[in-house]
Amino acid sequence: MSLTNPAPAVTLTIAGSEATGGAGAQADLRTFQELGVYGIAALTCIVSFDPKDSWNHRFVPVEPQVIADQLEAIQTCYPLETVKIGMLGTPATIDTVATALKSQQWRNIVLDPVLICKGQEPGAALDTDQALKAQILQLATVVTPNHFEAESLSGMSISSIEDLQEAAKRIHQISGAIVVAKGGIRLEGQNAVDVYFDGTTLELLSAPKVGEVAVSGAGCTLAAAITAELAKGATALEAARTAKAFVTEAIRNRVSSAAPFDAVWQGGASGTSA
Ligand code: PXL
């Protein structure tokens, strides 16, 4: 067989399944495919919305041994350089993932610090947040908190773009990671503004808001797009700019859902109709 194209960059997501496919591993894999990297996934949990109970999240963690098995298979098959981390969900999962991350060198570890999921018991969620901050945050090379997560990680409240910039600086200081802090639709104004900060360069990533209602999968897709671009060799700033444009098109071309949130469509940027 003759090879006609260069081999794609193998890119891993360690994430949960969200059964309707709007968020989580499914959104990550669609993003990877659109951006031309070879996507693989290790599943950490299965989330199924409950239409009979206000669409609350039913959350089932994957056994730690099964997560370890997936990562063993993946890490043995491929020389990986780039990984995205999405929802982990329990302290035991965080232990397992931290061990696998530390077992090799990485060029890029992109952390989407998914802190809480509706349907989880609040006490458990607090433990999970603490474990994520203690065991995963310091391994990340890029971290992509949303408004709520940025408040939690920085310890400050965020109600303006100036606040978001300050929070991004604080999160960089505690993590050493490049920060893409997402204001999205949460801050007032006509534009959805996110802040990129790498310790030196601070840039606002801005695009006109597409409505005022959140769309499922936007955060996963932004972080996955950053991950894919880094895997292909882009700088972090280029990756963040490309990802912002990609997710904006994915939001514009959303797929309508009976759940409270529509879902982003990653084919939006390439003009593939939904
Ligand atoms: O959007 C955060 C998120 C990430 N991963 C999974 C989810 C969700 C939100 O529903 O279910 C698996």
Side-chain angles (χ1 to χ4, degrees), residues 11-32 39-51 53-64 66-67 70 83-90 92-94 96-97 109-122 124-125 128-129 131-132 136-137 140 142-153 180-186 192 194 213-228 243 246-247 250-251 254-255 257-266:
T11 308
L12 169 64
T13 180
I14 304 175
S17 164
E18 189 274 89
T20 70
Q26 292 90 330
D28 292 345
L29 291 176
R30 283 199 297 274
T31 303
F32 290 169
I40 47 184
L43 286 187
T44 56
C45 61
I46 299 180
V47 172
S48 313
F49 300 153
D50 187 351
D53 180 21
S54 318
W55 300 93
N56 267 328
H57 293 200
R58 291 173 289 199
F59 165 81
V60 179
V62 171
E63 285 278 318
V66 178
I67 299 171
Q70 295 174 75
V83 58
K84 183 206 146 176
I85 299 162
M87 184 165 165
L88 297 177
T90 74
T93 298
I94 287 169
T96 306
V97 170
I109 298 181
V110 179
L111 172 64
D112 189 12
V114 180
L115 286 187
I116 49 162
C117 169
K118 277 180 280 172
Q120 271 185 285
E121 200 239 310
T128 303
D129 292 0
L132 191 79
I136 307 285
L137 187 61
V142 179
V143 61
T144 63
N146 63 21
H147 179 257
F148 168 77
E149 294 152 358
E151 286 190 334
S152 166
L153 293 173
V180 180
K182 301 171 286 185
I185 60 162
R186 305 272 170 233
D194 307 328
V213 180
V215 182
S216 173
C220 301
T221 299
L222 183 89
I226 292 173
T227 309
F246 183 87
V247 79
I251 294 166
R254 67 187 70 184
V255 174
S257 161
F261 301 115
D262 291 342
V264 297
W265 166 232
Q266 290 80 9

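Atoms within each ligand, like the ligands themselves, are counted from 1 in listed order.
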Indicate the ring-plane relationship of His57 and Phe49, choosing parallel, tilted or perpendicular according to the 30° and 60° boundaries.
-> tilted
Ser17 touching ligand 1 at heavy-atom level, < 4.0 angstrom | yes
Summary of side-chain hydrogen bond (donor to acceptor under 3.5 Å, both in side chains) pairs that have at least one residue in residues 17-26, sequence neighbours excluded | Ser17-Gln26, Glu18-Thr20
Output the list of atoms in ligand 1 that are nearer than 4.0 Å to some heavy atom of Gly16, sorted by atom number.
-> 12 (C)
With a 4.5 Å heavy-atom cut-off, do Cys220 and Met87 have their side chains touching?
-> no
For Phe246, what residues pass the ring pair (Phe, Tyr, Trp, His ring centres under 6.0 Å) criterion, not counting sequence neighbours?
-> none
Ser216 contact mode with ligand 1 (heavy-atom cut-off under 4.0 Å) = neither
